[in-house]
Amino acid sequence: MGHDLISFVAGYFLGSIPTAFLLVKERAGIDIQQAGSGNVGAFNVFYVTRSKLLAITVGVLDGLKGFVITFGTLHLLGEPASVGMAGMLGAIVGHTYPVWLGFKGGRGLATAAGGLFAVGVSYTIVWCVSWLLLNRWKKDIVTANVLSSIVTPIMLSLSPTAWLKPLTFSPVEVGEYQLFAWVLSGLLLLSHREIVHRLIKNRRHIS
């Protein structure tokens, strides 16, 4: 439990590094929190600056925040799965609610994706395929984000262990990975709560 907490706190402070805020301020002289959607993430960076290079750079750096803490705890320090996952969750929470920016950050997708590459790739594969199909259907990026985050843990829970095992890296077991998929999606949905509320409201109107 102690190592889990330490990993979470370390992940939080790593994840809370405001990469988008710092880079956009330095390169374009713009406060990203006061422009576009106000979201401190790669998509809003592109929307505000129209620079693909800057948006990709922010996305990669945000992904590295999740990857570094997860890879470091699991593969370099040899900690159990729960410690690595605690660090990854901490990085996502830090990115979404950074202490340096008044707890208003990004949505955590890039940070989550980076952390998952150190654990296994089945979540990323299912999420991305779901996102491509749903975005093609809905024509709305953030709606596709929400629906993909709902679909992915369901699909992983229904998938046979034999399919997931080759895509899940030691020391994380498939069962742990499936459980974490639900926790991760819950966290991502929390960061998209206004979109979730909009979808529920629209659904009620249709009904």
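We use all heavy atoms of the structure for the numbers below, so side chains are in, but hydrogens, waters and symmetry mates are not.
Put simply, CD on Gln178 and CG on Leu156 are 7.0 Å apart, with the number rounded to the nearest 0.5 Å. Distance CG/Asn44 to CD/Gln33: 10.0 Å, rounded to 0.5 Å. Atoms CG and OG, on Leu109 and Ser191 in that order, are 6.0 Å from each other to the nearest 0.5 Å. Taking OG1 of Thr49 as the reference point, atom CG of Leu23 lies at 10.5 Å (rounded to 0.5 Å). Between the NZ atom of Lys65 and the OH atom of Tyr12 there is a distance of 10.5 Å, given to the nearest 0.5 Å. Note that the CD1 atom of Ile6 and the CD atom of Glu79 stand 9.0 Å from one another [nearest 0.5 Å].
Leu61 is not connected to Phe67 by any chain of hydrophobic side-chain contacts under 4.5 Å among Ile, Leu, Val, Met, Phe, Trp and Tyr, and they are in different clusters. Using a 4.5 Å cut-off between side-chain heavy atoms of Ile, Leu, Val, Met, Phe, Trp and Tyr, with links allowed through other members, Leu187 and Phe103 fall into the same hydrophobic cluster. Linking ILVMFWY side-chain heavy atoms closer than 4.5 Å, directly or via other members, places Tyr97 and Val9 in a single hydrophobic cluster. Using a 4.5 Å cut-off between side-chain heavy atoms of Ile, Leu, Val, Met, Phe, Trp and Tyr, with links allowed through other members, Leu101 and Val24 fall into the same hydrophobic cluster. Both Met85 and Val174 belong to a common hydrophobic cluster when Ile, Leu, Val, Met, Phe, Trp and Tyr are linked at side-chain heavy-atom distances under 4.5 angstrom.
Sparse packing is recorded around CZ of Phe43, with 12 or fewer heavy atoms of other residues, nucleotides or ligands lying under 6.0 Å away. Residue Trp182 places its CH2 atom among more than 12 non-hydrogen atoms of other residues, nucleotides or ligands, all under 6.0 Å distant. For Phe46, the CZ atom is densely surrounded, since the number of other residues' heavy atoms within 6.0 Å is greater than 12. For CZ of Arg50, the number of neighbouring non-hydrogen atoms (other residues, nucleotides, ligands) closer than 6.0 Å is greater than 12.
Between Ser185 and Trp127, the side chains place no donor N or O within less than 3.5 Å of an acceptor N or O (distance only, hydrogens not considered).
Side-chain N or O atoms of His95 include none that pairs as donor or acceptor with a backbone N or O of Asp62 at under 3.5 Å. The backbone N or O of Ser148 sits nowhere less than 3.5 Å from a side-chain atom of Ser130 that would complete a donor-acceptor pair.
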**Asked** Going through the distances and angles, do Ile30 and Val48 end up as a side chain to side chain contact (heavy atoms under 4.5 Å, CB included)?
**Response** CA-CA 9 Å; Ile30 298 172; Val48 170; 3.9 Å; yes
**Test log, rule side chain to side chain contact (heavy atoms under 4.5 Å, CB included), inputs Leu147 and Lys138** = CA-CA 10 Å; Leu147 296 178; Lys138 289 292 187 178; 4.2 Å; yes
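In plain terms, the two heavy atoms of Thr73 and Gly84 that are nearest each other are OG1-CA, 3.1 Å. Summarising the geometry of Ala20 relative to Val45, their closest heavy-atom pair is CB-CG2, 3.8 Å, with the distance given to 0.1 Å. The two atoms that bring Ala110 and Gly59 nearest to each other are CB-O, 3.7 Å, heavy atoms only. Trp163 and Pro166 get closest at one heavy-atom pair: O-CD, 3.5 Å. Heavy-atom minimum distance, Ile92 versus Thr111: N-CG2, 3.9 Å. A pairwise comparison of heavy atoms in Ala118 and Leu74 identifies O-CD1, 4.1 Å as the closest pair.
Tyr177 places none of its side-chain heavy atoms less than 4.5 Å from the side chain of Leu164. Counting only heavy atoms from C-beta outward, the side chains of Arg107 and Leu188 never approach each other to under 4.5 Å. At a threshold of 4.5 Å between non-hydrogen side-chain atoms, the residues Lys25 and Asp31 count as touching. Contact check for Trp100 versus Ser16: side-chain heavy atoms found under the 4.5 Å cut-off.
Under the side chain to side chain contact (heavy atoms under 4.5 Å, CB included) rule, Thr70 has a single partner from Val83, Leu116, Val119, which is Val119.
In terms of the salt bridge (charged side-chain N to carboxylate O under 4.0 Å, His left out) criterion, residue partners of Asp140 (sequence neighbours excluded) are, by chain and number, Arg198.
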